[in-house]
2 protein chains.
Amino acid sequence: MNDESEHIDGRKARGNRRRAEIIDATLAIVTRDGAAGVTHRTVAKQAGITTSLSTYYFATLDDLLVAALSSVADTYTTCIRQIIDGPGDKLRGLAELIAESAGPGRERALAERELSTLAARRPALAPVARRWRENIAELAATLTDDPEAIAALVAASDGLCTAILIDNAPADTDYVRRILTRAIHAHRDTVVS
Amino acid sequence: MNDESEHIDGRKARGNRRRAEIIDATLAIVTRDGAAGVTHRTVAKQAGITTSLSTYYFATLDDLLVAALSSVADTYTTCIRQIIDGPGDKLRGLAELIAESAGPGRERALAERELSTLAARRPALAPVARRWRENIAELAATLTDDPEAIAALVAASDGLCTAILIDNAPADTDYVRRILTRAIHAHRDTVVS
DNA sequence: TGATTACTTGAACGATAGTACAACTAGAAC
DNA sequence: GTTCTAGTTGTACTATCGTTCAAGTAATCA
């Protein structure tokens, strides 16, 4: 929000700010009405600009959706990297991040799911959508070497987010952490039938 | 496909057949183009009927989407119930069902995810979307009494499906079963940091 | 200063959307 | 047969869509 460096290249700075505004507006629409509600017109109205200005920065709707998903993915990447590089209990950090999907992070999580689903059909979105899982896998890799344990933790994280978002499942951090712990731990028994 | 009982009430039978055809066409569209591609016109074209006939059976698009999701959910419910009531290894049966999402069941699974995502915003779809998770939970309840183990298995199942659908993760039945086993087993250790 | 460039606007084009509706068909009931 | 009704069609209305474009504004540069 601070206007430093505006003297250096004021035009570019203004343009980037506009881009960010439009992306924010897009995410607000995705959160409220789903990815299907994203049109140049709804986004422009949300951002308080004209429709043509939206197409000026994002020529096609796909460009806009890719940029929006990238923005969400970037946020998650930053969060997870902080957990990885931080000192504390990484599994607990992840559990907190997941539990946030029930509260302040619901918008972001919902937008991420919406756009990830879109990614199954739009190749341009696929690599961006993959980032979230890769980040979780990277975090898991700091806790174990077992590739199946890593896959299990990624699956559990994803499934817990879905449960919270779609099913309004309980989102207590300790509870989430306990379920994540199950996934990453090697089991000792084998269940038959 | 057999035309028995057509004498009894030919009109109603014909109508039900049409409804089923339209729902099938809708699922084909959802699979190919996503839920966003579902319009009365595209569905009608896919089903080989006129647009007005589609609106005759499903007055609004929401009705159509609810019916389509219900159909998918019914199929899954039947599958899972067969696994529950069957004699074999239930966890393996579930693993097979999930692994099918990479092959013959991909359409169905993709449609289910697409419509579930839609359910986060359309209240009419929410209870239907919940059914899949409830079925898995019911299966899990035959294997354990621990509610957290049940939640863990549901989350793992959901996350594995996502991994297969979005990430093209490996879908070997044994592999899936091993990861599911992790979730449902009580852990013996506790990991700190 | 004028020239340049990024930014912004309003209007418009063709395409497609949801939905409504009057007319037509065909099988069931009498 | 006639009547009735579920099924079916073609057409059309209005709204919104993505996208384009010529014209206008304002910040920067020489």
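- Residue B:H40 contributes atom NE2, which lies 7 Å from atom C1' of C:dT19 at whole-angstrom precision.
- Side chain to side chain, B:H40 and B:T55 fail the donor-acceptor criterion of an N or O pair below 3.5 Å.
- Contacts of B:L53 with the nucleic acid, taken as non-hydrogen atoms under 4.0 Å apart, include base atoms.
- OP1 or OP2 of D:dG18 has at least one side-chain nitrogen or oxygen of A:T39 nearer than 4.0 Å.
- The cationic atom of A:R108 (NZ for Lys, CZ for Arg) lies less than 6.0 Å from the six-membered ring centre of A:Y76 and within 45° of the ring axis.
- In this structure, B:Y56 atom OH and D:dG10 atom C1' are separated by 17 Å, rounded to whole Å.
- Taking atom CG of residue A:D62 and atom C1' of nucleotide D:dT19, one finds them 14 Å apart after rounding to whole Å.
- With the nearest nucleotide of DNA chain D identified for both A:T42 and A:T55, A:T42 has the one nearer the 5' end.
- Proximity of B:R17 to the phosphate of D:dG7: no side-chain N or O atom is located under 4.0 Å from OP1 or OP2.
- A:T60 comes within 4.0 angstrom of sugar-phosphate atoms only, judged by non-hydrogen atoms across all strands, and of no base.
- Judged by atom type and distance alone, B:R41 reaches the base of C:dG18 through a side-chain donor-acceptor pair under 3.5 Å.
- If you run side-chain contact (heavy atoms from CB on, under 4.5 Å) between B:L94 and each of B:L139, B:D89, B:L143, only B:L139 comes through.
- Between A:R18 and A:E21, at least one side-chain nitrogen of the basic residue sits less than 4.0 Å from a carboxylate oxygen of the acidic one, meeting the salt-bridge criterion.
- In this model, the phosphate group of D:dT8 is approached by a side-chain N or O of B:R18 to a distance below 4.0 Å at OP1 or OP2.
- A sub-4.0 Å separation between OP1 or OP2 of C:dT8 and a side-chain N or O of A:Y57 is present.
- Within 4.0 Å of A:V38, counting heavy atoms only, lie sugar-phosphate atoms of the nucleic acid but no base atom.
- One N or O donor and one acceptor, one from the side chain of B:S52 and one from the base of D:dG10, sit under 3.5 Å apart.
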